[in-house]
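Below: one structure, written as structure tokens.
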Amino acid sequence: MKSSSFNSRSIMIFSLIAIVAVSSAFFVFPEVIKAQSEEKVFVTHTGGIVKTTGEVIDPLYVESTMEFDPMEYLRDFDYGKTSTLPDGTTLREYTIVAEDDKIMEISPGVFYNVWTFNETVPGPTIRATEGDTVKINFVNNGSKQHTIHFHGIHPAGMDGVFEPVGANGGKFTYEFIAGPAGVHPYHCHIMPLEEHIAHGLYGVFIVDPKEGREPADEMVMVLNGLDTDFDTENNFYAANTIPFYYQHHPIQINTNELIRVYVVNMLEFDPINNLHLHGNLYKYYPTGTDLVPSFYTDMITMSQTERGIMEFEYQYPGKYLFHAHKVEFSEKGWVGIFLVSDKDLELQQESSTTGDANEYGT
Ligand SMILES: [Cu+2]
């Protein structure tokens, strides 16, 4: 007993000495410690050394920052420039420009060096129908090599892995037949991959089935995160880049209307992400490749680049949360609200108001 209490007392004393020593070091050698915290080199989860050019830049020195509107992005689909090929099939042409020098205010007062496809994170949502020829004119206006690697079926030379596209104006044309039907990510595939993805070089590629899908209010949600201090841990989490955006700007939908959400998990550094919907359940089609849903649930878990299609209708009007059920993620920004309106009720109210007005002869 005596010896054990002696041991715990000595551990306490040694701990105190250690704390005092470390704290004094901060005052005695502040420059050394400061230099260490400013180091822009980090070791990735796989043991690779990453030298990041990303910086949290003092807003005073930022002349202009990139604008991004998550509400506009949500329902914005790029069907490309279409034409008909001699065999009667459709050709869709797109231009995607990569840059890596943009600064974006991702949260009030937090500025981050985003790497972009067509000046946004995520890049444009490319959309085609199964069997269409997709032609992507890629221009790399960045300061380092970049590519576009599409998930899906295509020839090896179109995979965007072994064909690095040079900095400052390098060009490459990706051409392939769209397929299979579903929702797929695209992203840069230059090493260190973690860095190129975490900075924002990704987007969504939707391939519609030839027979189409039932009409719906369609939207895209890319689940992502931002590591603003380069320690390979995310400081912010979001659906469509801006933390808490859809909580402060709820997504307006209607009762008894089919909602279809194309969800893609592009979160770096964390092995999983998830999505929980309140007051409802959704049909879930993993990767969107099957026309029959695999689940009817209110919660899905996804690893990186896992994706799928959610379909649901709200029966009752009101405000409903959707968020990561991993509480750390939702508390750091991955949370939003669906504001469900009863269109029929509103129409009834409008007509009764008009009726009242007429009664009074106005
Ligand atoms: Cu890249």
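In listed order, ligands and their atoms are each counted from 1. Computed from a prediction, not measured in an experiment: that's the story for all the values here.
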Given a cut-off of 2.8 Å, the protein N, O or S atoms lying below it from the Cu ion (ligand 1) are H146 ND1, C188 SG, H196 ND1
Would the W334 and H323 ring centres measure less than 6.0 Å apart?
no
Ring centroids only, cut at 6.0 angstrom: are Y186 and F205 within range, meaning strictly under it?
no
What residues form a salt bridge (Lys or Arg N to Asp or Glu O under 4.0 Å) with R92, not counting sequence neighbours?
D132
Set of ring pair (Phe, Tyr, Trp, His ring centres under 6.0 Å) partners for F338, sequence neighbours left out:
F312, F322
Which side-chain N or O atoms in residues 170-185 pair as donor and acceptor under 3.5 Å with protein atoms at least two apart or in another chain?
residue, atom, partner, partner atom, Å
Y174, OH, I148, N, 2.9
H184, ND1, R307, NH2, 2.8
H184, NE2, P180, O, 2.9

Rounded to the nearest 0.5 Å, how far does NE2 of H187 lie from NE2 of H149?
4.0 Å
